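Just so it is clear: chains get the letters A, B, ... in the order the sequence lines come, proteins before strands, and each one is counted from 1. Bear in mind that the values here come from a model prediction, so they are computed numbers and not experimental data.
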Number of protein chains: 2
Amino acid sequence: MEQNKIPQATAKRLPLYYRFLNNLQMQGKTRVSSKELSEAVKVDSATIRRDFSYFGALGKKGYGYNVEYLLGFFRKTLDQDELTDVALIGVGNLGTAFLNYNFTKNNNTKIVLAFDADPNKAGKEIGGVPVYHIDDLEEKLGNVKVAILTIPATEADRITERLVSKGIKGILNFTPARISVPDDVRVHHIDLAIELQALVYFLKHYPLDTKEEVL
Amino acid sequence: MEQNKIPQATAKRLPLYYRFLNNLQMQGKTRVSSKELSEAVKVDSATIRRDFSYFGALGKKGYGYNVEYLLGFFRKTLDQDELTDVALIGVGNLGTAFLNYNFTKNNNTKIVLAFDADPNKAGKEIGGVPVYHIDDLEEKLGNVKVAILTIPATEADRITERLVSKGIKGILNFTPARISVPDDVRVHHIDLAIELQALVYFLKHYPLDTKEEVL
DNA sequence: AATAAGTCGTGATATTTTTCACATATTCAC
DNA sequence: GTGAATATGTGAAAAATATCACGACTTATT
Ligand SMILES: NC(=O)c1ccc[n+]([C@@H]2O[C@H](COP(=O)([O-])OP(=O)(O)OC[C@H]3O[C@@H](n4cnc5c(N)ncnc54)[C@H](O)[C@@H]3O)[C@@H](O)[C@H]2O)c1
Ligand SMILES: NC(=O)c1ccc[n+]([C@@H]2O[C@H](COP(=O)([O-])OP(=O)(O)OC[C@H]3O[C@@H](n4cnc5c(N)ncnc54)[C@H](O)[C@@H]3O)[C@@H](O)[C@H]2O)c1
């Protein structure tokens with residue numbers, strides 16, 4: 001699809017740029033330089049210019065970038081005009097937090113339904129999202145292609161298999177399990193315990209005198 | 001401190017290895033190869049061997065790695081024997097989920113106290129962790145060096161400043177705000193909305209026929 | 001109109017990370 | 001013991017990412 005020449009590292013930063021540009025526009029700013037952007041999002045200004053340059057010459061020398069133009073460009077690039085439906089599996093501590101938080105501020109994704117194995121949770125609605133019993137997964141999932149996994153790790157493999165066979169193509173996996181999927185399914189692991197441990201490890205073992213911010 | 005020759009990419013994977021080795025030991029396995037590890041944690045086996053090699057020759061050719069030895073080694077390396085205290089700021093949706101989840105399974109970090117601006121939350125205890133009013137931050141924080149930030153983005157800068165002046169050295173920031181800190185403070189951003197958007201972007205724009213798993 | 005200040009886009013370079021591929025060592029089966 | 005199988009550790013190469021530094025162009029100022 002189109003140019004898949006865009007480096008992954010760049011692609012991961014696009015939503016960040018987009019969000020900040022939105023803020024700028026709301027503040028009524030009409031122009032912005034890579035230097036200003038850099039200070040706000042904490043990414044080197046050369047990296048920002050390089051990132052933008054993959055999409056062509058979006059700025060003007062000596063001027064910077066026009067906020068509205070850039071925003072419009074990224075809106076298209078990030079498909080901000082089409083809403084992507086997401087399913088959430090596991091309405092426990094984390095899952096409930098995600099349901100209550102509305103990802104649809106500034107955002108093109110929306111959790112449209114949730115599943116849980118607990119019969120007490122099925123039938124309810126949390127944050128405006130209906131919760132179904134996991135037994136009804138195949139029946140209710142419909143054409144949703146993205147799932148958030150917030151179930152116990154022990155359930156991850158079994159549920160993943162069911163999700164994949166129903167056509168899910170992207171999984172945001174919060175369980176510590178490293179799930180196996182076919183090659184055409186993308187899994188993004190967010191392992192909170194590990195993030196915390198890694199932070200502590202860095203604190204103890206790395207001097208850190210220079211500014212190095214870690215994602 | 002010791003060898004800070006260990007690449008950051010490697011350091012981030014250490015807790016993952018550690019957790020899996022723990023599982024292996026609990027299953028009674030005594031040896032493991034980089035190939036087996038690779039399948040379990042979804043990291044290329046050459047990368048695993050390279051990672052381990054930064055710490056010396058931990059394995060044996062033709063045999064693999066001794067689980068107990070490796071685990072003991074990483075336990076020391078990751079300071080699993082000392083518990084690091086953590087403060088949580090913002091007992092809302094996310095914060096409450098973290099308090100209820102006990103990070104101290106297999107883990108060397110523990111949330112020991114929490115703060116919130118809501119007077120109804122202060123004074124309570126959630127998941128065994130006392131919640132104080134944010135006004136008492138300076139008084140109660142003590143010698144804690146790591147904080148988890150789960151407050152509204154608008155509060156992030158102000159609270160960060162207070163944390164830093166009280167001596168916090170590591171922040172796990174869940175707010176969308178990109179906070180500014182002195183060079184000796186490490187910030188790790190976990191931006192859930194962006195993770196979700198990035199996943200959707202990859203799904204739509206990247207072919208993905210080969211196995212590429214993204215962290 | 002000329003000058004100064006600001007800023008992009010990018011070739012070149014540096015750094016970081018991953019992967020290949022193989023000499024070398026060990027184990028295991030018989 | 002011997003040979004086949006297994007698996008490490010690592011030099012070298014590749015790939016990915018980040019940064020430097022500067023020519024080219026814009027805007028603002030006097
Ligand atoms: N909460 C945290 O702070 C935190 C931190 C790090 C990792 N995690 C991980 O995130 C995951 C969820 O954590 P949590 O604290 O929300 O757990 P939780 O126990 O509160 O919630 C899990 C939910 O999944 C449901 N469930 C169980 N089996 C199911 C199945 N087969 N199908 C559908 N639903 C099922 C349960 O009924 C429960 O509601 C876990 O894997 C956990 O390790 C959580
Ligand atoms: N919940 C999610 O799923 C989710 C997803 C992505 C990002 N986030 C981000 O995480 C952060 C927290 O999200 P949430 O859903 O838990 O929000 P929330 O509103 O449920 O919780 C925020 C809590 O912080 C407290 N608070 C406000 N100001 C404070 C202050 N100055 N000092 C101390 N406490 C204060 C509030 O009383 C509240 O309890 C937000 O920045 C949000 O953007 C949350």
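- Contacts classified as side chain to side chain donor-acceptor pair (under 3.5 Å) and involving residues 151-165 of chain A (residues at least two apart or in different chains) are given here: E138(A)-R162(A), E155(A)-R158(A).
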Is there any protein nitrogen or oxygen under 3.5 Å from a nitrogen or oxygen in nucleotides 15-18 of chain C, and what are the pairs?
unit_1: dT18(C); atom_1: OP1; unit_2: R13(B); atom_2: NH1; d: 3.0
unit_1: dT18(C); atom_1: OP2; unit_2: R13(B); atom_2: NH1; d: 3.0
unit_1: dT18(C); atom_1: OP2; unit_2: R13(B); atom_2: NH2; d: 2.7

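- Sorted by first then second residue, the salt bridge (charged side-chain N to carboxylate O under 4.0 Å, His left out) pairs that include residues 28-37 of chain A, not counting sequence neighbours, are K29(A)-E36(A).
- Formation of a donor-acceptor pair under 3.5 Å by the T150(B) side chain with backbone atoms of G90(B) is found in this model.
- Applying the ring-ring contact (aromatic ring centres under 6.0 Å, His included) test to every pair with at least one member in residues 142-165 of chain A, sequence neighbours left out, gives no pairs at all.
- With sequence neighbours excluded, the residues that form a side chain to side chain contact (heavy atoms under 4.5 Å, CB included) with V112(B) are D85(B), K110(B), V144(B).
- Taking the six-membered ring where the residue is Trp, F55(A) and F74(A) present perpendicular rings, their angle passing 60° and hence far from 30°.
- Taking a 4.0 Å limit (strictly below) on heavy-atom distances, residues 67-76 of chain B does not reach DNA chain C anywhere.
- Checking side-chain atoms of S45(B) against main-chain N and O of S38(B) turns up no donor-acceptor pair under 3.5 Å.
- For A40(A), the side chain to side chain contact (heavy atoms under 4.5 Å, CB included) partners are F20(A), not counting sequence neighbours.
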Where do N or O atoms of nucleotides 5-8 of chain C meet protein N or O atoms at under 3.5 Å, pair by pair?
unit_1: dG6(C); atom_1: N2; unit_2: G62(A); atom_2: N; d: 3.2
unit_1: dT7(C); atom_1: O2; unit_2: G62(A); atom_2: N; d: 3.0
unit_1: dC8(C); atom_1: OP1; unit_2: S34(A); atom_2: N; d: 2.6
unit_1: dC8(C); atom_1: OP2; unit_2: S34(A); atom_2: OG; d: 2.5

Verdict with supporting geometry, L172(A) and I190(A), side-chain contact (heavy atoms from CB on, under 4.5 Å) | CA-CA 7 Å; L172(A) 202 54; I190(A) 301 184; 3.9 Å; yes

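- Using a 4.0 Å cut-off between a side-chain N of Lys or Arg and a carboxylate O of Asp or Glu, K76(A) and D81(A) do not qualify as a salt bridge.
- For residues 86-97 of chain B, no pair satisfies salt bridge (charged side-chain N to carboxylate O under 4.0 Å, His left out), with sequence neighbours left out.
- Taking D191(B) as the reference, R19(A), R178(B) meet the salt bridge (charged side-chain N to carboxylate O under 4.0 Å, His left out) condition, with sequence neighbours excluded.
- Side-chain N or O atoms of N66(B) include one that pairs as donor or acceptor with a backbone N or O of Y69(B) at under 3.5 Å.
- Of all nucleotides in DNA chain D, those with any atom nearer than 4.0 Å to a heavy atom of chain B start and finish, going 5' to 3', at dT6(D) to dA12(D).
- Recorded end-axis angle for the helix from dA1(C)-dT30(D) to dC30(C)-dG1(D) stands at 20°, based on five pairs per end and rounded to 10 degrees.
- Within the 3.5 Å criterion, the main-chain N or O of Q27(A) finds no donor-acceptor partner in the side chain of N23(A).
- Below 30°, between 30° and 60°, or above 60°: for Y206(B) and F202(B) the angle between ring planes is above 60°, a perpendicular geometry.
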